[in-house]
Amino acid sequence: MKPKDALHIIVIGSGYVGLTTGLALSYLGHRVTCVDKNPEIISKLRQWQSPIYETGLEELLKEQSGRIEFADSINSRITEADIAIVAVGTPSKENGDTDLSYVEEAARSIGASMAPDQFLLVVNKSTVPIGTARRVKTVLTEELTKRGVCCHFSVASNPEFLREGAALHDTFFPDRIVVGADEIESVNLLRQMYAPILEQTFIPPKKVVRAERYGFPPLVITSPTSAELIKYTANAYLAMKISFINEFAGIAERVGADIREVARGIGLDNRIGPHFLNAGVGWGGSCFPKDVRSIIYTGAQYGYDMPLVKAALDVNTRQRKTVIEKLQATLKVIRGRTIGVLGLAFKANTDDIRESPAIDVIAGLLEMGARVKVYDPVAMDNYRRFYSRPEVIFVGSVVQAAAEADALVLLTDWDEFRHVDWKETASSMKGNVFIDGRNLLPKDEMTRFGFTYLGIGC
Ligand SMILES: NC(=O)c1ccc[n+]([C@@H]2O[C@H](COP(=O)([O-])OP(=O)(O)OC[C@H]3O[C@@H](n4cnc5c(N)ncnc54)[C@H](O)[C@@H]3O)[C@@H](O)[C@H]2O)c1
């Protein structure tokens with residue numbers, strides 16, 4: 001597949017966003033090089049193996065073999081590029097501010113390698129605080145001045161909205177594409193890059209299905225500052241919507257209502273909508289927590305309090321404690337109990353465990369003297385590498401997690417958990433408590449199988 005005007009694109013950072021974007025642009029016919037400073041990632045990619053779990057990603061990677069390049073530095077490649085997309089991590093600092101060191105490092109490496117007289121559009125796809133487009137411009141200018149070379153470049157903001165677990169789908173079929181730029185030339189270049197997506201002229205890759213009613217994504221053209229703020233506003237709103245339903249799950253439990261019925265009842269109102277109204281153990285992942293903290297920090301820098309966003313964060317922190325509170329209410333004593341934890345990923349269909357509720361729940365259970373067995377279909381390696389404590393017992397199935405357990409707690413909404421023989425599983429346990437932290441399973445059926453079943457808000 002070749003767009004009319006294929007571009008040469010360098011993507012810096014080959015994680016969930018960078019790799020997905022790079023592969024999609026390569027599939028659409030652009031000449032793409034994905035760069036990552038982590039040599040392990042590049043070595044895997046060069047063997048056409050995906051370093052992350054994402055639906056359809058490894059298949060697309062194999063399909064693109066020979067068409068896309070991978071490199072551990074940008075070096076000479078940048079001299080031929082039309083666009084450099086920055087998709088590196090932007091983690092939180094202790095104080096809630098965003099750590100921009102990776103973005104600045106990427107900008108420096110671009111400035112260090114651009115050719116004299118080259119024109120390059122630098123695109124911030126990472127989620128970055130207000131003013132970062134300007135900051136990247138400054139860093140690039142400093143670097144070029146140091147080298148004494150004159151290059152032409154622009155910096156545009158192009159925030160990413162993909163959902164992990166559906167990253168390819170969302171890249172090919174976005175709800176909108178936001179471009180924040182000061183110059184029309186930058187907008188036009190990005191319009192050219194996204195043309196196959198804006199015009200939907202491509203046949204989707206395997207496992208990526210175009211919904212029947214999907215039309216054409218709007219191109220939203222803004223100033224760089226508005227584009228930067230759009231991303232934070234979107235994430236803060238979504239986080240707040242989940243915290244809102246979680247707050248009402250608490251009141252539903254107390255008054256004897258079922259939050260799932262309440263959510264359906266309000267979600268049918270077009271002004272509210274049905275999405276992000278699933279009560280549970282709260283939000284996590286690599287975006288909502290850090291982005292919510294970051295916008296609160298930005299507000300504070302301007303002396304501007306953001307009580308709604310702060311409350312979303314507070315409700316989420318409280319929500320993570322509900323699982324242990326429910327275990328205490330049913331088992332009474334936690335010390336010495338065996339608890340099977342089902343799910344480590346922060347949500348289904350990803351191996352990402354960053355800020356996953358499971359991390360807090362497991363830590364809390366261990367503090368209270370429980371024996372903890374954990375199972376996740378794909379996220380166990382990541383948990384083992386980054387968070388594990390020696391006491392945690394890793395098992396290979398739900399059945400093994402349940403064997404001789406006093407209680408099971410479900411923390412990730414994996415589809416696999418819907419298809420377990422729960423009747424059989426219940427009979428292998430020592431106790432019968434089941435805390436469904438995602439309201440994934442039918443309460444009546446689980447009760448019939450002999451579980452003392454507690455959902456969130458139901
Ligand atoms: N993950 C998501 O669902 C998602 C969605 C929308 C936006 N975002 C934003 O996109 C950005 C990237 O997120 P991610 O989840 O893909 O992160 P990630 O941690 O999966 O990937 C980032 C990659 O960048 C690499 N890197 C860091 N500095 C580099 C440098 N100077 N040169 C080359 N490589 C470098 C790292 O090694 C890492 O592999 C973040 O700002 C995030 O907030 C993420």
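The first residue of the sequence shown is numbered 1, and numbering continues consecutively from there. Start at 1 and go down the list; that is how both ligands and their atoms are numbered.
Between E164 and K347 there is no salt bridge, since none of the side-chain N atoms of the basic residue sits less than 4.0 Å from a carboxylate O of the acidic one. A salt bridge links K310 to D305: one of the charged nitrogens lies within less than 4.0 Å of a carboxylate oxygen. Remark: E142 does not engage K146 in a salt bridge, criterion side-chain N to carboxylate O under 4.0 Å.
The side-chain contact (heavy atoms from CB on, under 4.5 Å) test applied to I52 returns Y16, L19, S50, E54, L57, D351, not counting sequence neighbours. Every residue was checked against the salt bridge (Lys or Arg N to Asp or Glu O under 4.0 Å) condition with D117, not counting sequence neighbours, and none meets it.
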Name every donor-acceptor pair, under 3.5 Å, that has one atom in a side chain of residues 168-179 and the other anywhere in the protein, sequence neighbours excluded.
unit_1, atom_1, unit_2, atom_2, d
D170, OD1, R163, NH2, 2.8
D170, OD2, R163, N, 2.8
D170, OD2, R163, NE, 2.7
T171, OG1, A167, O, 2.7

Run through all N or O atoms in ligand 1 and write down each protein N or O closer than 3.5 Å, as a pair with its distance.
unit_1, atom_1, unit_2, atom_2, d
ligand 1, 1 (N), E164, OE2, 2.6
ligand 1, 3 (O), E164, OE2, 3.3
ligand 1, 15 (O), R354, NH2, 3.1
ligand 1, 16 (O), Y16, N, 3.0
ligand 1, 16 (O), V17, N, 2.8
ligand 1, 19 (O), R354, NH1, 3.1
ligand 1, 20 (O), Y16, N, 3.3
ligand 1, 34 (N), K37, N, 3.2
ligand 1, 37 (O), D36, OD1, 2.6
ligand 1, 39 (O), D36, OD1, 3.4
ligand 1, 39 (O), D36, OD2, 2.6
ligand 1, 41 (O), T90, OG1, 2.5
ligand 1, 41 (O), T127, N, 2.9
ligand 1, 43 (O), T127, OG1, 3.4
ligand 1, 43 (O), K290, NZ, 2.6

